[in-house]
Amino acid sequence: MTFEELGLEANLLQAITDMGFKEPSEVQEKAIPVLLQEDTDLVALAQTGTGKTAAFGFPMLQKIDVESRTTQGLILSPTRELCLQITNEMKNYGKHLKGLNVTAIYGGASITDQAKQVKKGAQIIVATPGRMKDMISRRLVDISKIEYCVLDEADEMLNMGFFEDIKDILSHTPDDKSTWLFSATMPKEVSIIAKKFMYDPKEITVGNKNESTSTVSHEYYLVNARDRYQALKRLADANPDIFSVVFCRTKRDTQKVAENLIEDGYNAGALHGDLSQNQRDLVMKSFRNKQIQMLVATDVAARGIDVDDITHVINYQLPDEIETYTHRSGRTGRAGKEGISMVIVSKSETRKIKSIERIINKTFEKKEIPSGIAICEVQLMSLANKIHNTEINHEIDPYLDNINEMFVDTSKDELIKKFFSVEFTRFYNYYQKSKDLNVEAQNSSSRDSNRGSSNPNAVRFFINVGKKDGYNWQSLKDFLRDTLSLGQDDLFKVDVMDSFSFFNTDKAHLTKVAEVFTDFKVDGRFVNVEVSEDKGRVRDRGRGRGRDRGGRRSRDGDRQGGERRGRRSDGPRNESRSGDRSGRRSESRSGSGSSSNSGSGRPRRSRRR
Ligand code: ADP
Ligand code: MG
């Protein structure tokens, strides 16, 4: 099916080509012909990200008369962000329609300016219910002649308590208009609206009503409530290219988490209703430009944000209404891309996971917060990757002779190490601090590490396979579990390094491990497992197996060097991070919680471009 076959006019087809839409989405295919050919009411149910805006936008644009200055179309949407987004889309769709005037009406901006815009002859008004009602009562808009009324994200508008406002607004519209209701879900309230305000509506459903996007995988991480923030940072650090929305329950938490992240050197920003419109616009702009990698948001403020490429949705806290989870996870996995929805839960909330699983009809994978050492490796490899893929800037060529002279006695290995240390040591030192916290966090939070470092019945093993053999902590754990026929909880603190790894089991399995791994071969190579003196505490690691085994390898050697440096400069104190952070703190505190762009203060990664 092509857009042409749906019956759209040339000017709209041109805009569609300009935007690069190849073919209509399912909801568009179903809704557009009906809305073009009939003057009917319509209820359309389709997931977030399925292209609902164009499904009502194109027909409305084709049907209105741009020669007239009368307001003919009204689109109600729950939030300012959405309102602006829809307005933008409509302007894009209608950019070849001469004389088209689409006006956005929303709270938090000058009402006089908006009234002026309307007066110029807005054929289409896109509005939030609150401000719309306000403008009607002040007679700043006239919707008595509208022909088309869209209730977009109807479920969310009702969630937000806009029922009375909508009722009030609709009472100022003519009876013979067409009402088009678009919603991701169909709760009772929405069907009440449909019954009350619509006449024999046609119905369109795309996919299962509450089905969550299939390209999204769902994971949860069990931590102590007080370790939530540390867990969040680890998840971010373990994913250097993260581009995410972090959901909090309240405006206060949202602001606080964003501030903390910024203070800790992340490219983060806050989005919630207590910010001024201007602040919110700035944050959204930075997010779209990917200057912000972690957008911390409330459900209401984030509703409908249409930013593609979001890699992770992080549920810092679960929503009060578990149905809201679908809206959250729908922010990622858009446009056929894969996405991950992560949930940080405390023990008391694990039951909620089960309820969500029932709603989304999918199972969560229980995962463990990566260890500090694993995160360091990820970061280091990410840096190596970045350098490897960097295009050479030949402006440097004239200076090369001088630089070469400086390094005439430096070997390639040494040069690489130095080069990496410039960025990585800073990260590593910083991370040492996190590790101190994590040891504490591990001791108190995850069952695994309870058994690992403080459980006297735990045994730590060394195994001579690691990353270079293609393992990560998860796959090694799987391998060990299968090989040893142990349960998921019998193996813990699996730390994979470059050429070797560690893991813990209960003492009870000691003989079994020894037996299974006697003369054990994989692909013709002996896999050697020994009891390690390393107790699984981070600080012991460099001194244990690491040095004698890994010292041969340059990367491990480098890591140990970094660790020594880190230890010397940091001393035993826990809060020595402040030295590194003091400069950043002052600059990142400014403003509303939008991203700190200071490159120098960021120990872990450089900004995305
Ligand atoms: P919804 O309202 O259902 O959540 P949107 O209308 O916001 O979805 O559309 C999601 C994204 O998909 C937007 O970036 C939009 O420009 C894009 N889009 C919509 N229709 C198409 C299409 N037919 N082909 C490609 N992209 C589309
Ligand atoms: Mg939408």
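Quick note: numbers below take in every heavy atom, side chains included, and nothing from hydrogens, waters or symmetry partners. Numbers here simply count residues along the sequence, with the first being 1. Just so you know, ligand 1 is whichever comes first in the structure, and atom 1 is the first atom listed for that ligand.
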Y93-ligand 1 polar pair, N/O distance under 3.5 Å:
no
Between D41 and K202, is there a side-chain N and carboxylate O pair less than 4.0 Å apart?
no
With a cut-off of 6.0 Å (strictly less than), are more than 12 heavy atoms of other residues, nucleotides or ligands near CD of E38?
yes
Does E23 approach ligand 1 within less than 4.0 angstrom via side chain, backbone, both or neither, non-hydrogen atoms only?
backbone
Nearest heavy atom to atom 8 (O) of ligand 1: which of G51, A55, P24, S77 does it belong to?
G51
May I ask you to test the H218-S329 pair for a side-chain heavy-atom distance under 4.5 Å?
yes
For atom 6 (O) of ligand 1, the option (of T50, V307, T53) bearing the nearest heavy atom
T53
Beyond-backbone contact of L76 with M157, side-chain heavy atoms, under 4.5 angstrom
yes
Smallest heavy-atom separation, M198 atom then T179 atom, equals CE-O, 3.3 Å
NZ-OG1 distance between K119 and T71, expressed to the nearest 0.5 angstrom:
12.5 Å
Within-cut-off N or O pair, K52 and ligand 1, under 3.5 Å:
yes
What's the verdict on ring pair (Phe, Tyr, Trp, His ring centres under 6.0 Å) for Y316 and Y221, showing C-alpha distance, side-chain angles and the deciding distance?
CA-CA 10 Å; Y316 184 75; Y221 296 82; over 10 Å; no
Would you call S25 a ligand 1 contact, heavy-atom distance under 4.0 Å?
yes
Considering only heavy atoms, does F56 approach ligand 1 within less than 4.0 Å through its side chain, its backbone, both, or neither?
neither
Give a yes or no on this: more than 12 heavy atoms of other residues, nucleotides or ligands lie within 6.0 Å of atom NZ of K256.
no
Please verify whether a non-hydrogen atom of Q47 lies at under 4.0 Å from ligand 1.
yes
I'd like to check which ligand 1 atoms, numbered from 1 as shown, lie under 4.0 Å from a non-hydrogen atom of F3.
23 (N)
With a 4.0 Å cut-off on heavy atoms, is E89 touching ligand 1?
yes
Any N/O pair G49/ligand 1 closer than 3.5 Å:
yes
contact_flag F182 ligand 1 heavy-atom lt 4.0 Å:
no
